[in-house]
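Just so we're on the same page: letters track the sequence lines, and every chain starts at 1.
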There are 4 protein chains.
Amino acid sequence: MKEKIIRASITLFEQRGFSSTSVQDIVDLIGATKGTFYYYFKSKEQLLMDIHREYISDLLRRQEVILENGDWSSGQKLSAMVDMLISDIRKNGPSARVFFRDIRHLSEKNIRIITEDRDRFRLNFEEIIRKGAESGEFRKDIRPDMAAFGILGLANFSYNWFDPEGEVNPEELAVIYSVMILEGIVARN
Amino acid sequence: MKEKIIRASITLFEQRGFSSTSVQDIVDLIGATKGTFYYYFKSKEQLLMDIHREYISDLLRRQEVILENGDWSSGQKLSAMVDMLISDIRKNGPSARVFFRDIRHLSEKNIRIITEDRDRFRLNFEEIIRKGAESGEFRKDIRPDMAAFGILGLANFSYNWFDPEGEVNPEELAVIYSVMILEGIVARN
Amino acid sequence: MKEKIIRASITLFEQRGFSSTSVQDIVDLIGATKGTFYYYFKSKEQLLMDIHREYISDLLRRQEVILENGDWSSGQKLSAMVDMLISDIRKNGPSARVFFRDIRHLSEKNIRIITEDRDRFRLNFEEIIRKGAESGEFRKDIRPDMAAFGILGLANFSYNWFDPEGEVNPEELAVIYSVMILEGIVARN
Amino acid sequence: MKEKIIRASITLFEQRGFSSTSVQDIVDLIGATKGTFYYYFKSKEQLLMDIHREYISDLLRRQEVILENGDWSSGQKLSAMVDMLISDIRKNGPSARVFFRDIRHLSEKNIRIITEDRDRFRLNFEEIIRKGAESGEFRKDIRPDMAAFGILGLANFSYNWFDPEGEVNPEELAVIYSVMILEGIVARN
DNA sequence: TATGAATGAGGTTTCATTCAT
DNA sequence: GATGAATGAAACCTCATTCAT
C-alpha cells in the first residue's frame, strides 16, 4: 500500500507538480482513503521527502560503482555517468523530474539534507574532471567546477524533452552527448 | 501599479513557486489590496502569462539581432547566444526561473502559446548548428536537434546555481562554456 | 460582524468548551461562512485570545477604580471587589467561564501574556490584605498570598453554580461572602 | 495494562485536556497500540468516566469516615474535610483537575451520574454547617448552602495553584484555610 | 491479550475570486 | 482607480473507531 501510494504520487507530482496535486488526487488514483494516506505518511511533505531520498541515494550508489572502477580513464567514467543519467530516464524519469522541480517544497531542514547529497553527486563529477585534467587527459585550463555544472545541466535537461521510446534511444543519446562533451562540436582535420 | 505587481510577483514566484504564492502575499509585499490586484489582472494565471510572454518575447527579440548579424560565423553566433543567456541572469534571473519552473501552471491554451515561442527559440539554435555543419565549420556527424537541446540545458542550468556577483563573472562563464561546447574538454596537441 | 462572531463563540465555548466547538458551529449560529470567520480572525486561537484579553483587561480596569478610592478601608475594598466579581456573573458569566476553563488552549506565548494580567489582578488582592494586616485592620498572622488565593477561589467558584436570577441575587451573595471572609462562620457573643 | 492506560491518560488529560489528547497520544506514552486501548475501553469517553467515577467515589468514601466520627464538633469536621481536600493534591491533583475541568466531555447520562455524587459531597458539607448553626457552634445567620459552595471553591481552587512541595506544605495550608473559614480575617481584641 | 491496517467524518485553514461602494 | 467584506470550494490533516488476525 505504501509503495502504491508512492508510485501514484510520483505519477501525479510529475504531471501537475507537488502543490497542485492534492492528497485526495493521490488516494483517488489507487482507490484508497485519505485516512490511509496519513496512516503511512506523517504529511504530504514527508512523502515528497521519501521520494527525494530514494531517488538521490539510488543515484549516489550507482555513481559510486562507476567511481570505483579502476580500469577506466576519466573520460570513460564521465561517459559512463552521462549514460547512467540518460538511461535512467526510461525507468526513473518521473522521479527525476519531481526531484529537480519540487525540492523547494521540502522544509528548510529537509532541503539541506537533500542538497548535501545532490552536492556530493556533483562534486564527484568535479573530482573526475579535476583528475582528468591533472593527468593530462583533459585540458589543463578547464575549471572542473564550472564544467561539472555544465555537464550536469546538459545531461539533466534531457529529462525535460527526451523521449526514450523515440527515434533516438537513450544509449545513443548518451554517446552523442559524451562525444560532444569530450570533443566539442567544431570540425577538425 | 501594474508594473509593481508584476515585479513583486516575480520575486515571490521565484522564491516560493507560483502555487505557493497567494495573491494576498503579492499585494502585501507592495502594500496594496486584493481588489486592486483584480482590477489589473483578470486572474492569477493571467499575471503568470504576462510574465511568461514578456520573458520569452524579449529573449526572441535579442536572439533575432544575433541571427541577423551577417558578419559572424556559426560558432560566433552560438557563443553570442550563450553569452546572452548567461549575462541575462544578472537582470532576469528571477523571471527566467519562473519561466522554466512554472509554465505548467498556465492553462493548456497558454502553454501552447508559450511553448511555440520557446520552440522557436530552440529551433533557431538548431538552425545555426545545422548551417555550421553544412558549411563545414562544425562536425558533419552531429545531430543539430540533440546538440541544441544539450547546449540549452548546459547554459540554462546556470540559472539554478550561478551567482553573477561571485568569483566568476557572467562574461567569463560564457567564454568558458562557449569553448567547452565548441572544443570539448579533451586535451590536444 | 466581528462582534457577532465573538458573541456567538462565547456562547458556544461556554456550553461545549473551546476544542469541542468548531468554526463551523460558530458561523452556523450567525448565518455566516467559514471564509468570513477567517477574514476577521487569523485563527480560532486568536479569537480565543481576543476574548481573554478583553475579559481580563476589563476586570483590571474596574479593579483599579476600587483600588484608587482613598476613602475606603481595606475591608471595604475587599468587599467591593468581591461584589464586583459576583455581580459580574450576570453580564459576563459566559466570558468568565471561558476565561477560567479554556486558557490552556492558548499558545504558550499567549498564556504568558494573559497569566501576567491574571497575576496582577490577584496580587492586587494580596496587596490590600497586606495593607489591612499592617494597619491592624486584619489579623497580623494571616498570609496575604494564601488568603488572596482563597478569596479568589471562593468568589470565582460562584461562576460555576450561582444563578443570578435565582432566589439569592448577586448583591446579596456578595454581602454573604464578604461577611464570611471578614468574620468567619463561627458564632461569637 | 488497563491501570497503565488510566494513569497515562490522567497525566495527559491534565496537561492538554480531554479533547486535545488523542487515543494515539495515550498509547504512545506507554508503548502500546490503539487496538489495545479499545480492547480495554469501549470508548475514549468511557475511560474518562472511569476516571471520574474512581475520583469521586474515593472522595465520598473518605468524607463518610469523617462524617461518622461522633467525637468531633462541626468545626473539627469541616477542618478535617478541608484538610482532606488539600492534602489530596499531592497524590490526586491530576485526577482532580481532570475531574473539575473535563466533566463536560461525558455524555449527558454520565454527567448526571457524576453530578449526583458531586452534589452529595457538597450537600454533606452543607449538612455539617447546618448542624453547626443549629447547635450554636456557628452563626445562626449563615446560609449553609452558600457557605458550602464558598468553602468548596476556596479549597478546590488550590488545585489550580498550590504546590505541595513548595514553601507551605498541605497540612499548613489546611490549617490556614480552616482558621480563615471559621474565624475570618478581621482582627479582634 | 494484543495488534496493525484501514476508514470516514469532520476539523482548521487557505485562497482565488466577486462585488458593492 | 482602488478597496474591504464576503464567499465557497477545496486544501491538509486528525482522530475515534472497527476489524481481521
Side-chain angles (χ1 to χ4, degrees), chain A residues 1-2 4-5 18-28 30-48 105, chain B residues 1-2 4-5 18-28 30-48 105, chain C residues 1-2 4-5 18-28 30-48 105, chain D residues 1-2 4-5 18-28 30-48 105:
Chain A
M1 181 83 293
K2 192 173 185 178
K4 258 170 94 179
I5 293 175
F18 176 77
S19 35
S20 300
T21 301
S22 71
V23 172
Q24 192 62 67
D25 292 337
I26 296 169
V27 296
D28 280 356
I30 59 175
T33 65
K34 275 186 290 195
T36 302
F37 180 95
Y38 283 96
Y39 178 74
Y40 288 104
F41 298 93
K42 214 173 58 52
S43 67
K44 198 182 151 196
E45 196 226 312
Q46 221 232 51
L47 160 63
L48 184 62
H105 292 111
Chain B
M1 178 83 297
K2 189 169 186 179
K4 257 170 97 179
I5 293 175
F18 176 76
S19 36
S20 299
T21 301
S22 69
V23 172
Q24 191 64 63
D25 292 336
I26 296 169
V27 295
D28 279 356
I30 58 175
T33 64
K34 279 197 285 202
T36 303
F37 180 94
Y38 282 93
Y39 178 76
Y40 288 106
F41 297 94
K42 208 172 64 56
S43 68
K44 198 181 155 198
E45 196 227 313
Q46 219 227 54
L47 160 63
L48 184 63
H105 293 111
Chain C
M1 180 83 295
K2 190 172 185 178
K4 259 171 94 180
I5 293 175
F18 175 77
S19 34
S20 300
T21 301
S22 72
V23 173
Q24 187 66 244
D25 292 337
I26 297 168
V27 296
D28 280 355
I30 58 175
T33 64
K34 278 187 288 195
T36 302
F37 179 96
Y38 283 94
Y39 178 74
Y40 288 104
F41 298 94
K42 214 172 59 54
S43 67
K44 198 182 152 197
E45 195 226 312
Q46 222 232 53
L47 161 61
L48 184 63
H105 292 111
Chain D
M1 180 83 296
K2 190 170 184 177
K4 258 171 94 179
I5 293 176
F18 176 76
S19 36
S20 299
T21 301
S22 70
V23 173
Q24 190 64 62
D25 292 337
I26 297 168
V27 295
D28 280 355
I30 58 174
T33 64
K34 279 197 285 202
T36 303
F37 180 95
Y38 281 92
Y39 179 76
Y40 288 106
F41 297 94
K42 209 172 64 52
S43 68
K44 197 181 155 196
E45 195 227 314
Q46 220 229 53
L47 160 63
L48 184 63
H105 292 112

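Minimum atom distance to the side chain of Lys34(D) is reached by dT17(F), of the listed dT17(E), dT12(E), dT17(F). Minimum atom distance to the side chain of Ser22(B) is reached by dA16(E), of the listed dT13(E), dA16(E), dC12(F). Distances from the side chain of Val23(D) to the nucleotides dT13(E), dA5(E), dA16(F) place dA16(F) closest. Of the candidates dT3(F), dA6(F), dA16(E), the closest approach to any side-chain atom of Ala32(B) belongs to dT3(F). For Lys44(C), whose side chain is taken as the heavy atoms from C-beta onward, the closest listed nucleotide among dA16(F), dA6(E), dT12(E) is dT12(E).
Positionally, the nearest nucleotide of DNA chain E for Thr21(C) lies more toward the 5' end than for the other of Ser43(B) and Thr21(C). Closest-nucleotide positions on DNA chain E for Phe18(C) and Phe37(D) were compared, and the one nearer the 5' end corresponds to Phe37(D). Both Glu45(A) and Gly31(C) lie near DNA chain F, and the one whose nearest nucleotide falls closer to the 5' end is Gly31(C). Of the two residues near DNA chain F, Tyr40(C) and Gly35(D), the one whose nearest nucleotide lies more 5' is Tyr40(C).
The residue from Asp28(D), Val23(D), Ile26(D) that alone fulfils the side chain to side chain contact (heavy atoms under 4.5 Å, CB included) condition with Lys34(D) is Val23(D).
Of all non-hydrogen atoms in Met1(A) and Ile30(A), the two that sit nearest each other are CE-CD1, 3.9 Å. Considering every non-hydrogen atom in both Gln46(C) and Phe41(C), the closest pair reads OE1-CD2, 3.9 Å.
Separating the CD atom of Gln24(C) from the P atom of dT14(F) is a distance of 20 Å, rounded to the nearest angstrom. Counting to the nearest Å, the P atom of dT14(F) and the CD1 atom of Ile26(D) are 17 Å from each other. For the pair Ile30(A) CD1 and dA6(E) C1', the computed distance is 12 Å after rounding to whole Å.
Geometric assessment of Lys44(A) against the ring of Phe37(A) yields a negative cation-pi assignment under the 6.0 Å and 45° thresholds.
Taking CD1 from Ile5(C) and OH from Tyr38(C), the interatomic distance works out to 10.5 Å, rounded to the nearest 0.5 Å. With rounding to the nearest 0.5 angstrom, the OG1 atom of Thr36(C) is 13.5 Å from the NZ atom of Lys2(C).
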Response to the item:
Read 5' to 3' with Watson-Crick or G-U pairs under 3.5 Å, [ ] for crossing pairs and | for partners on another strand, DNA chain E gives .||||||||||||||||||||
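Note on Thr36(A): a side-chain N or O is less than 4.0 Å away from OP1 or OP2 of dT7(E). For dT7(E), the OP1/OP2 oxygens have a side-chain nitrogen or oxygen of Thr33(A) closer than 4.0 Å. Phosphate contact (OP1/OP2 of dT1(E), side-chain N/O of Tyr39(D), threshold under 4.0 Å): present. A close approach under 4.0 Å does occur between a side-chain nitrogen or oxygen of Tyr38(D) and OP1 or OP2 of dT17(F).
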